[in-house]
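I have placed the structure first, in the form of structure tokens, so that the comments after it can refer back to it.
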Amino acid sequence: MSKFDELVWNKMRRIPRGRVTTYKQLANAINTRAYRAVGNACKRNPYSPEVPCHRVVKSDGRIGGFGGEMSGQRVMKKISMLKREGVHVKDGKVVEFNKKLFKFR
DNA sequence: TCACTATATCAGC
DNA sequence: GCTGATATAGTGA
């Protein structure tokens, strides 16, 4: 756990329900280019739904690549949660991703 | 200090 | 337009 993690989680928590963001936006909000470090901190989040890492996707609108798309079963759980919030995921991609993309300000 | 990583971007084809 | 390789930042060992 480091300051960076807290910062990332702090930003991530700002994501409203039914909205998603990208690692790029997160990194931009933190003023860094460590896109991977952001995702790295996310997967290590010791918190519960307070840090919705499942609301963070790639710039393509695709869900992050965990242990490969084949192991997307755990991601499927997140997708289910996202769908419940109004964010539908089709073929591993967020529907209307461009509209649901939440930009940090 | 070295290597790996839940990405992004640029270049090449 | 798609695929491959490179750049960047941070963590863990």
Side-chain angles (χ1 to χ4, degrees):
Chain A
M1 184 143 78
S2 300
K3 289 266 187 74
F4 192 73
D5 298 80
E6 293 180 52
L7 202 57
V8 175
W9 303 332
N10 186 40
K11 299 283 179 191
M12 235 191 291
R13 285 175 76 177
R14 291 169 61 176
I15 305 170
R17 175 187 165 272
R19 202 62 45 113
V20 291
T21 192
T22 65
Y23 294 100
K24 188 190 171 195
Q25 294 304 323
L26 272 165
N28 187 38
I30 301 164
N31 203 34
T32 186
R33 295 102 174 105
Y35 313 112
R36 297 189 228 176
V38 175
N40 244 348
C42 290
K43 86 173 219 177
R44 285 188 185 164
N45 73 328
Y47 295 100
S48 275
E50 295 186 62
V51 185
C53 41
H54 56 263
R55 279 185 199 151
V56 186
V57 296
K58 294 183 74 172
S59 61
D60 306 88
R62 265 185 163 174
I63 307 296
F66 299 75
E69 300 181 29
M70 221 163 139
S71 308
Q73 284 194 80
R74 52 197 116 190
V75 184
M76 197 175 162
K77 204 161 68 175
K78 303 181 175 191
I79 292 172
S80 258
M81 214 174 357
L82 283 168
K83 284 172 84 173
R84 201 185 65 163
E85 298 185 3
V87 182
H88 286 244
V89 180
K90 191 79 175 171
D91 194 55
K93 287 164 296 212
V94 179
V95 182
E96 303 277 277
F97 165 70
N98 193 33
K99 291 187 179 178
K100 300 183 174 183
L101 176 60
F102 178 75
K103 206 173 177 185
F104 292 95
R105 278 297 306 173

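FYI, side chains are in, hydrogens and waters are out, and symmetry mates aren't considered; it's all heavy atoms of this structure. So you know, we letter chains A, B, ... as the sequences are listed, proteins then strands, and number each from 1.
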Seminar exercise, completed: Of Ala37(A) and Ser59(A), the one whose closest nucleotide on DNA chain B sits nearer the 5' end is Ala37(A)
Of the nucleotides [options], which has the atom closest to the [X] side chain?
X        : options                  : result
Cys42(A) : dA8(B), dG10(C), dA6(B)  : dA6(B)
Tyr35(A) : dA8(B), dG10(C), dA6(B)  : dA8(B)
Lys24(A) : dT9(B), dT8(C), dG10(C)  : dT9(B)
Ala34(A) : dA6(B), dT5(B), dA9(C)   : dA9(C)
Lys58(A) : dG10(C), dG12(C), dA8(B) : dA8(B)

Measure [atom1]/[X] against [atom2]/[N] and give the value in whole Å, please.
X        : N       : atom1 : atom2 : value
Lys3(A)  : dT11(C) : NZ    : P     : 11 Å
Ile30(A) : dT7(B)  : CD1   : P     : 15 Å
Leu7(A)  : dG10(C) : CG    : C1'   : 13 Å
Arg33(A) : dT9(B)  : CZ    : C1'   : 14 Å
Arg62(A) : dT9(B)  : CZ    : P     : 16 Å
Leu26(A) : dT7(B)  : CG    : C1'   : 12 Å
Met12(A) : dT7(B)  : CE    : C1'   : 14 Å
Trp9(A)  : dA6(B)  : CH2   : P     : 16 Å

Seminar exercise, completed: Taking a pair to mean Watson-Crick or G-U wobble geometry with both distances below 3.5 Å, dC13(B) pairs with dG1(C)
For this session: Write down the partner of dA6(B) under the Watson-Crick or G-U wobble criteria, each distance required to be under 3.5 Å.
Result: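 Partner of dA6(B): none.
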Exercise. For Ser2(A) and dT11(C), is the shortest distance between a side-chain N/O and OP1 or OP2 below 4.0 Å?
Worked result: yes
Exercise. At under 4.0 Å, does any side-chain N or O of Arg44(A) touch on OP1 or OP2 of dT5(B)?
Worked result: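 For dT5(B), neither OP1 nor OP2 has a side-chain N or O of Arg44(A) closer than 4.0 Å.
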Exercise. Is the shortest distance from a Lys or Arg side-chain nitrogen in Asp60(A) or Lys58(A) to a carboxylate oxygen in the other one below 4.0 Å?
Worked result: no
Exercise. Salt bridge or not for Arg19(A) and Glu85(A), using N-O below 4.0 Å?
Worked result: no
Seminar exercise, completed: Distance col, row Phe102(A):CZ vs Arg55(A):CZ, nearest 0.5 angstrom, shows 10.5 Å
Problem set entry | Atom pair NZ/CZ of Lys24(A) and Arg33(A) - distance to nearest 0.5 Å | 11.0 Å
Exercise. Checking only heavy atoms, does the side chain of Asn40(A) share a donor-acceptor pair with the base of dT5(B) at less than 3.5 Å?
Worked result: yes
Problem set entry | Verify same cluster id: Trp9(A), Ile30(A) (apolar side-chain graph, 4.5 Å) | yes
